Amino acid sequence: MNDENIHKIYGYSANSDIPIGGQFTVAVPVEYSEGFIGRGFIMETNQMEPNFKVALSVEAIGGKYSCSLEVFLGDVKVWNSGHYSKFYMKDKCVLELTQDGDLRLKGPKDRVGWRTGTFGQGVERVQILRTGNLVLVDTLNHIKWQSFNFPTDVMLWGQRLSFATSLTSFPSNSTSYYSLEIKNNKIALYLNSGKSNYSYWEFKPSKNRNITFIELGSYGLELFNDENKKIAQIRSQVLQPLRFLALGNKTGNLGLYFYSPSKAQFEASFQALNNTCDLPLACKPYGICTFSNACSCIRLLTKDDGVGSDCDEGFPRGFCGGRNEVEILELQDVRSVLKDDPIRVNVSKEECLKLCLDDCKCAAASFSSASKDSQACSLYRLVGGLKQVDRGSGMRYMIKVPKGSTHMDHGRSNVKKWVLILVGVVDGLIILLVLGGVSYYLIRKRMRSLLHNGHDT
């Protein structure tokens with residue numbers, strides 16, 4: 001969306017906390033306006049920029065207005081009450097700390113859309129700490145509720161995440177979502193789709209040691225055991241102290257971020273994935289990321305015009321209509337960055353195919369045969385994360401397709417070759433363009449040299 005189509009209205013208040021009975025309201029436009037964002041900043045920390053600010057926000061989303069409480073570090077949103085569940089309302093968005101100590105978001109007719117559930121616990125006020133932790137405290141400053149216990153897609157400096165907790169990030173226009181999860185012996189990134197989840201990056205402490213919690217320190221993400229001893233660390237690659245860790249909602253990449261005073265912006269000092277083709281959704285479903293980091297589609301014949309125009313056009317959303325209605329399209333030297341758990345080992349390609357064909361929810365299978373003693377099979381309920389790999393890798397990716405959709409004039413085998421050629425054609429064109437450009441440059445340089453020598457004589 002272009003910036004000129006986004007309408008932003010911001011208001012500011014100099015409060016450092018919200019006392020019992022405090023109330024703030026942001027009005028909602030009468031008519032829906034695409035891209036509208038209205039924010040009232042109600043609290044901020046007494047720090048050098050970039051500091052933490054708390055905002056009551058109204059945002060236009062999908063034809064409706066969403067009301068939420070948000071925490072910002074500079075211009076980066078680091079926490080949001082509506083991360084998992086949006087509160088849609090009309091007319092007005094109200095934030096209130098009730099007399100019995102419950103922090104609530106309300107709409108018209110006092111309809112409650114979000115609350116902390118802290119009524120009757122002696123809460124006296126809401127504060128934003130210098131760490132970015134939004135807290136509700138009693139008269140003795142004991143914390144009764146804190147945003148650090150409800151992580152979203154960002155982890156701030158000093159924040160801890162315990163074993164079996166996670167960060168989540170939701171890409172737009174997708175039914176899948178990303179997660180950073182803390183397992184017993186590793187931390188890992190996952191693509192979650194329906195009831196299935198597939199890892200695409202992981203970090204394990206040495207000696208298979210167990211993880212109790214992780215904490216973001218000044219110079220890295222630190223992993224601790226049950227004795228509070230640091231057992232591993234993902235180090236920052238710069239000397240500037242870290243401010244936050246983020247799980248990107250567009251790419252699913254994990255990054256550690258510091259603030260650059262000279263550029264007045266946050267920059268990544270570490271990223272888990274540095275190659276575009278290693279990202280889980282680098283291409284659309286049924287797309288292949290090539291050596292040039294471009295996307296190439298696996299195309300099927302359609303009844304209307306022969307070849308589909310979209311990557312997933314012609315592919316059904318399910319294969320439970322019967323085994324006789326599908327066949328397998330095999331791609332050589334293509335693999336998925338998504339890892340199925342468990343991976344089936346010491347199985348043949350035929351056995352791997354049978355496992356997928358016998359499971360109507362299986363959409364594809366990956367088979368690796370680096371050697372006779374090292375054969376592995378993975379099953380998938382989605383087709384995604386595909387990337388081109390070197391020839392002779394022993395990697396095969398096998399996709400379920402509707403029966404008859406792969407037949408062209410010269411039979412099914414030609415379709416396989418056609419698909420594989422399609423994968424390489426983008427890279428081939430780029431190589432030809434580069435070589436052509438270099439040749440043109442060398443010829444021009446040679447001609448100029450001859451002309452120059454001619455003038456000298």
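Remember, predicted model here, so these are calculated numbers, not experimental data.
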TODO: To the nearest 0.5 angstrom, please state how far the CD atom of Gln332 sits from the CD atom of Gln388.
DONE: 12.5 Å
TODO: Measure the shortest side-chain to side-chain distance between Val135 and Ile128 over non-hydrogen atoms and say whether it is less than 4.5 angstrom.
DONE: no
Task: Sub-4.5 Å side-chain heavy-atom contact between Arg396 and Ser366 - done: no
Task: Leu134/Val54 under side-chain contact (heavy atoms from CB on, under 4.5 Å): CA gap, chis, key distance, verdict - done: CA-CA 8 Å; Leu134 183 67; Val54 180; 3.9 Å; yes
- [ ] Report the distance from atom CZ of Arg344 to atom SG of Cys352, rounding to the nearest 0.5 Å.
- [x] 8.0 Å
Open item on the list: Could you tell me if Glu44 and Asn51 have a donor-acceptor pair between their side chains, going purely by distance under 3.5 Å?
Closed with: yes
- [ ] Could you go through the side-chain contact (heavy atoms from CB on, under 4.5 Å) check for Leu382 and Tyr286 one step at a time?
- [x] CA-CA 9 Å; Leu382 56 82; Tyr286 293 91; over 6 Å; no
TODO: Could I get the full list of salt bridge (charged side-chain N to carboxylate O under 4.0 Å, His left out) partners for Lys183, not counting sequence neighbours?
DONE: Glu181
Task: Thr290 side chain to Ala294 backbone, donor-acceptor under 3.5 Å - done: yes
Open item on the list: My understanding is that only residues two or more places apart in sequence, or in another chain, count here; which of them pass ring pair (Phe, Tyr, Trp, His ring centres under 6.0 Å) with Tyr219?
Closed with: none
- [ ] Determine whether the side chains of Ser269 and Gln237 contain a donor N or O and an acceptor N or O closer than 3.5 Å.
- [x] no
Open item on the list: With disulfide bond (SG atoms under 2.5 Å apart) as the rule and sequence neighbours excluded, what pairs involving residues 174-207 come up?
Closed with: none
Task: Ser169 vs Tyr177 side-chain heavy atoms within contact, under 4.5 Å - done: no
Task: Qualifying disulfide bond (SG atoms under 2.5 Å apart) pairs with a residue from residues 66-178, counting only residues at least two apart or across chains - done: Cys67-Cys93
- [ ] For Lys86, enumerate each residue passing the salt bridge (charged side-chain N to carboxylate O under 4.0 Å, His left out) test, keeping only those at least two apart in sequence or located in another chain.
- [x] none
Task: Residues that Tyr257 engages under ring pair (Phe, Tyr, Trp, His ring centres under 6.0 Å), provided they are two or more places apart - done: Phe244
Task: Polar side-chain atom of Lys53 near backbone of Asp75 as donor-acceptor pair, under 3.5 Å - done: no
Open item on the list: Tell me if the centroids of the rings in Phe150 and His83 come within less than 6.0 Å of each other.
Closed with: no
Task: Worked check of side-chain contact (heavy atoms from CB on, under 4.5 Å) between Met398 and Leu329 - done: CA-CA 6 Å; Met398 298 168 287; Leu329 176 63; over 6 Å; no
TODO: Give the intermediate values and the outcome of ring-ring contact (aromatic ring centres under 6.0 Å, His included) for residues Tyr380 and Tyr198.
DONE: CA-CA 9 Å; Tyr380 300 93; Tyr198 305 95; 5.5 Å; yes
TODO: Measure the distance from the SG of Cys295 to the SG of Cys283 and say whether it is below 2.5 Å.
DONE: yes
Open item on the list: I'd like to check Met43 versus Ile18 (side-chain heavy atoms, cut-off strictly below 4.5 Å). Are they in contact?
Closed with: yes
Task: Trace of the salt bridge (charged side-chain N to carboxylate O under 4.0 Å, His left out) decision for Arg115 with Asp102 - done: CA-CA 7 Å; Arg115 70 197 313 167; Asp102 198 21; 3.0 Å; yes
Open item on the list: Please check this pair: side chain of Arg209 against backbone of Ile231, looking for a donor-acceptor N/O pair closer than 3.5 Å.
Closed with: yes
Open item on the list: With side chain to side chain donor-acceptor pair (under 3.5 Å) as the criterion, how do Ser147 and Asn133 come out once you've worked through the C-alpha distance, each side chain's angles and the decisive distance to 0.1 Å?
Closed with: CA-CA 6 Å; Ser147 60; Asn133 193 9; 3.3 Å; yes
Open item on the list: Assess whether a salt bridge exists between Glu202 and Lys339, defined as any Lys/Arg side-chain N lying under 4.0 Å from an Asp/Glu carboxylate O.
Closed with: no
Open item on the list: For residues 155-172, which residue pairs pass the salt bridge (charged side-chain N to carboxylate O under 4.0 Å, His left out) check, not counting sequence neighbours?
Closed with: Arg160-Glu215
Open item on the list: Is the shortest side-chain heavy-atom distance between Glu124 and Val137 below 4.5 Å?
Closed with: no
TODO: Please say which of Pro171, Pro280, Ser193, Pro285 ends up in a side chain to side chain contact (heavy atoms under 4.5 Å, CB included) with Ser176.
DONE: Ser193
Open item on the list: Given 3.5 Å as the limit, does a donor-acceptor pair link the side chain of Asp138 with the main chain of Asn141, or not?
Closed with: yes
- [ ] Enumerate the residue pairs fulfilling salt bridge (charged side-chain N to carboxylate O under 4.0 Å, His left out) with a member in residues 268-282, sequence neighbours excluded, ordered by first and then second residue.
- [x] Asp278-Lys387
Open item on the list: Whether the Asn185 and Asn210 side chains hold a donor-acceptor pair (N or O, under 3.5 Å, no angle test) is what I'd like checked.
Closed with: no
Task: Validation row: Val78, Asp153 side chains within 4.5 angstrom (heavy atoms) - done: no
Task: salt bridge (charged side-chain N to carboxylate O under 4.0 Å, His left out) against Lys361, all qualifying residues, sequence neighbours excluded - done: none
- [ ] Would you check if Phe72 and Trp79 make a side-chain contact, meaning some heavy-atom pair closer than 4.5 Å?
- [x] no
Task: Distance-minimising heavy-atom pair for Ser236 and Leu242 - done: OG-CD2, 3.7 Å
Task: Thr45 and Arg130: side chain donor to acceptor below 3.5 Å - done: no
Open item on the list: With a 3.5 Å distance limit and no angle check, can you tell me whether Arg335 reaches the backbone of Val389 through a side-chain donor-acceptor pair?
Closed with: no
- [ ] Would you indicate whether Leu239, at its atom CG, is surrounded by more than 12 heavy atoms from other residues, nucleotides or ligands within a distance under 6.0 Å?
- [x] no
- [ ] Side-chain contact test, heavy atoms from C-beta onward, threshold under 4.5 Å: evaluate it for Leu69 versus Leu103 and give yes or no.
- [x] yes
TODO: Show your working on side-chain contact (heavy atoms from CB on, under 4.5 Å) between Ser66 and Ile61 and close with a plain yes or no.
DONE: CA-CA 7 Å; Ser66 171; Ile61 300 175; 3.8 Å; yes
Task: With Phe52 via ring pair (Phe, Tyr, Trp, His ring centres under 6.0 Å) - residues at least two apart - done: none
Open item on the list: Distance check, rounded to the nearest 0.5 Å: Lys186 atom NZ versus Trp201 atom CH2?
Closed with: 11.0 Å
Open item on the list: Please determine whether a side-chain nitrogen of the Lys or Arg among Lys354 and Glu350 lies less than 4.0 Å from a carboxylate oxygen of the Asp or Glu.
Closed with: no
Donor-acceptor contacts under 3.5 Å from residues 220-229 side chains, at least two apart:
{"residue": "Asn225", "atom": "OD1", "partner": "Glu227", "partner atom": "N", "Å": "2.9"}
{"residue": "Asn225", "atom": "OD1", "partner": "Asn228", "partner atom": "N", "Å": "3.3"}
{"residue": "Asn225", "atom": "OD1", "partner": "Lys229", "partner atom": "N", "Å": "2.9"}

Task: Flag, side chain of Ser336 to backbone of Gly384, donor-acceptor distance under 3.5 Å - done: yes
Open item on the list: Ignoring hydrogens and geometry beyond distance, is a side-chain donor-acceptor pair present between Trp157 and Thr131 at under 3.5 Å?
Closed with: no
- [ ] Report yes if the distance between the aromatic ring centroids of Tyr65 and Tyr32 is under 6.0 Å, otherwise no.
- [x] yes
TODO: Check the side chains of Asn192 and Ser179 for a donor-acceptor pair under 3.5 angstrom, ignoring hydrogens and angles.
DONE: yes
When the side chains of residues 249-256 are checked against the rest of the protein, which donor-acceptor pairs come out under 3.5 Å, sequence neighbours left out?
{"residue": "Thr251", "atom": "OG1", "partner": "Asn253", "partner atom": "N", "Å": "3.1"}
{"residue": "Asn253", "atom": "OD1", "partner": "Leu273", "partner atom": "N", "Å": "3.0"}
{"residue": "Asn253", "atom": "ND2", "partner": "Leu273", "partner atom": "O", "Å": "2.7"}

